[in-house]
Amino acid sequence: KKVLADGMKPILCIGETKEEYEAGLCQAVCAVQIAKDLAGVSKEEMVNVVIAYEPVWAIGTGLVCPSDVAQEVHVGIREFLSKMYDQDVADATRIQYGGS
C-alpha cells in the first residue's frame with residue numbers, strides 16, 4: 001500500500017516452498033500471500049500492481065518449475081483475484097513467471 005501511495009508500481013512476488021509444493025498446497029499458499037499482501041489495495045489501484053509467481057524451490061537451486069504447473073498457478077491467481085476484486089481486475093492484472 002505504501003509503495004502505491006508513493007507513486008511506484010509494485011511487483012508482488014509470490015511462491016511456495018518445495019515442501020508446500022510436494023504437499024499440493026501451491027494454490028492455497030499463493031492465495032494466502034495475495035490476500036495478505038493486497039489487503040487494503042483498492043480495485044482502482046490494482047492497475048499498477050504486477051504479480052510475479054516463482055516457486056521458492058526454483059530460485060537458485062537448479063530445479064525448474066514445469067510450464068504447465070506455472071500456467072495452472074497463473075489461472076489460480078486470476079480466479080482468486082476475481083473473487084477478491086472482480087473479473088475485470090483479474091483479467092487486467094499483469095501476471096508473470098519469475099520475479100527474483
Side-chain angles (χ1 to χ4, degrees):
K1 186 77 178 156
K2 174 81 171 124
V3 171
L4 289 165
D6 287 345
M8 293 185 279
K9 296 184 178 189
I11 299 175
L12 173 59
C13 299
I14 62 169
E16 78 288 352
T17 65
K18 186 149 178 56
E19 294 78 18
E20 292 164 336
Y21 174 73
E22 290 173 345
L25 298 173
C26 179
Q27 296 286 3
V29 168
C30 289
V32 168
Q33 291 171 350
I34 291 168
K36 178 183 166 207
D37 295 335
L38 294 180
V41 175
S42 72
K43 174 181 172 176
E44 294 74 25
E45 291 172 312
M46 282 300 295
V47 70
N48 292 311
V49 176
V50 174
I51 297 176
Y53 166 71
E54 186 171 9
V56 175
W57 54 266
I59 300 172
T61 64
L63 299 174
V64 178
C65 178
S67 61
D68 61 321
V69 171
Q71 187 60 39
E72 287 176 26
V73 174
H74 286 210
V75 168
I77 291 168
R78 288 203 194 282
E79 288 174 359
F80 186 77
L81 289 173
S82 73
K83 293 174 187 167
M84 187 171 176
Y85 294 101
D86 62 28
Q87 193 61 51
D88 289 339
V89 169
D91 291 342
T93 300
R94 183 176 301 150
I95 302 172
Q96 65 183 40
Y97 179 83
S100 60

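Both backbone and side-chain heavy atoms feed into the values below; hydrogens, waters and symmetry mates do not. Note that the coordinates shown come from a computational prediction; the quantities given were computed from them, not determined experimentally.
Using a 4.5 Å cut-off on side-chain heavy atoms (C-beta onward), I34 and Y53 make no contact. Taking 4.5 Å as the limit, some side-chain heavy atom of L81 sits within range of a side-chain heavy atom of M46. Counting only heavy atoms from C-beta outward, the side chains of V49 and E45 never approach each other to under 4.5 Å. Between I77 and I14 the shortest side-chain heavy-atom distance falls below 4.5 Å.
With respect to E22 and K18, a salt bridge is recorded, a charged nitrogen being found less than 4.0 Å from a carboxylate O.
Nearest heavy-atom pair across A90 and R78 is O-NH1, 2.5 Å. For the pair Q87 and S82, the tightest heavy-atom approach, listed with the atom from each and the gap, is OE1-CB, 3.4 Å.
Crowding of K1 atom NZ: a count of heavy atoms from other residues, nucleotides or ligands under 6.0 Å exceeding 12.
In the hydrophobic cluster analysis, where Ile, Leu, Val, Met, Phe, Trp and Tyr join through side-chain heavy atoms closer than 4.5 angstrom, M84 is grouped together with L4.
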Report, one line per pair, each donor and acceptor closer than 3.5 Å where one atom sits in a side chain of residues 24-32; sequence neighbours left out.
| residue | atom | partner | partner atom | Å |
| --- | --- | --- | --- | --- |
| Q27 | NE2 | E72 | O | 2.9 |

Which side-chain N or O atoms in residues 59-71 pair as donor and acceptor under 3.5 Å with protein atoms at least two apart or in another chain?
| residue | atom | partner | partner atom | Å |
| --- | --- | --- | --- | --- |
| T61 | OG1 | W57 | O | 2.6 |
| T61 | OG1 | L63 | N | 3.1 |

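Side-chain N or O atoms of D86 include one that pairs as donor or acceptor with a backbone N or O of D88 at under 3.5 Å. Without hydrogens or angle criteria, Q33 side chain to G15 main chain gives a donor-acceptor distance under 3.5 Å.
We find the NE2-CD distance between H74 and E79 to be 13.0 Å, quoted to the nearest 0.5 Å. The OH atom of Y21 sits 8.0 Å away from atom CD of E16, with the distance rounded to the nearest 0.5 Å. Note that CD1 of I11 is 12.0 Å distant from CG of N48, once rounded to the nearest 0.5 Å.
Screening V50, L38, V3 against L12 for a side chain to side chain contact (heavy atoms under 4.5 Å, CB included) leaves a single residue, L38.
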